Enquirer: 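Got a structure here, written out as structure tokens. Questions coming.
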Amino acid sequence: MISNNTILITGGAGFIGSTLANHLIKKENKVVIIDDLSMGNLENLDNSKKIDINIDSITSETLLRKVFSDYQFDYIFHLGAIASVADSVENPTKTHEVNFESTLLILELIRKSQKNLKRLVFSSSAAVYGDELTLPKSEDHSVIRPLTPYAVDKYSSERYVLNYYSLYGIPTSAVRFFNVYGPKQNPASPYSGVISILLNTYKKFKVDPTVKFNVFGDGEQTRDFIFVEDVISALQLVATSPKSLGEVYNVGTGNSTSLNDIINILDNLLSLKIPVEYLKARKGDIMHSFSTIEKLKQLGFSPEYDVYKGMKKYLEKEF
Ligand code: UD1
């Protein structure tokens, strides 16, 4: 959809960033990434020789100034962030620097130096809804309750990004990701996305039958799980649509699936029966979450993958 353009992806070696970079590089785009490899990995990039890779934090003003003076970008996807909500609670100051201050700096550098920019897309999160329980979660909700440093920084960055359109005419949009899953998602932390942890547990179980998967709660909690390839389509639609200027979009499927159902699907696809241990629910866990994607659909979005199809593709690539 986006071809022959110059594109900056912050967090470009991470899960979503590298999937986007790998896609865009195939379409004759010049791709520049910034990533400090704190979560990302250069091995995620299929053709790293063709990408201008800058290994440093997005908080490095020197690097940002250099990149913005070396290039005139058509599109910027700002995906770099401390992605762990738990880490943000441990270290709010550091999170604020990475997740908020870098956004503001990028906005200012765009205002001063990027005259050709077609769109900045900022990646926010369903975390901004917090424990506001109305379902489905809609961009129109007047009440939101960002509960953690992660969520507060995402929300304030999102507002700044969108207000740079109304205040200065900088072409911006924001997206709120729901539960994204797929190849290259890092399962390293207990707070990583549940599907990456689950798949990792199946891999261990194949060689060690004593391994169990821990479910926090009764497994009937539901989430709006979206396959990463659908996210890449959504990002490009939001970036290229004139309608989405100054607007924020939920990026989900509009459907919810329980954790128990995900386990059943994987058991089926892998012809295994993973032992499950049900533990006490995690503090602060919400029971149900799903998006309405009516707004995104108005841009022409329609998710291609339901959880079954998405899991199947995930397993083909990574099991
Ligand atoms: C996501 C964030 C979380 C944030 C929340 C609020 C990620 C990976 N998680 O959580 O940090 O606080 O949004 O917006 O971005 N689970 C298990 N076993 C595991 C891991 C998880 O049972 O090993 C459960 C969790 O308790 C939860 C469900 O699986 O009920 C989904 O977990 P997760 O993937 O972390 O997503 P969210 O709960 O939506």
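For ligands, and for the atoms within them, numbers begin at 1 and follow the listed sequence. Every value quoted in this text rests on a predicted model; they were computed, and no experiment measured them.
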Enquirer: Testing E139, R145, H141, R176 one by one against Y129 for a side chain to side chain donor-acceptor pair (under 3.5 Å), which residue passes?
Expert: R176

Enquirer: Salt-bridge test for R223 and D285: reply yes if a basic N is under 4.0 Å from a carboxylate O, no otherwise.
Expert: yes

Enquirer: So is K295 actually on top of Y249's ring, under 6.0 Å and inside 45° of the axis?
Expert: yes

Enquirer: Do we see a donor-acceptor contact under 3.5 Å between the side chains of S244 and R119?
Expert: yes

Enquirer: So do F290 and N255 actually touch side chain to side chain, heavy atoms under 4.5 Å?
Expert: no

Enquirer: Show me, by chain and number, every protein residue that has a heavy-atom distance under 4.0 Å to ligand 1.
Expert: V85, A127, N179, Y191, S192, G193, V194, I197, F213, N214, V215, F216, Q221, R223, L259, R282, D285

Enquirer: Establish, from distance only, whether the side-chain atoms of Y278 and N260 form a donor-acceptor pair under 3.5 Å.
Expert: yes

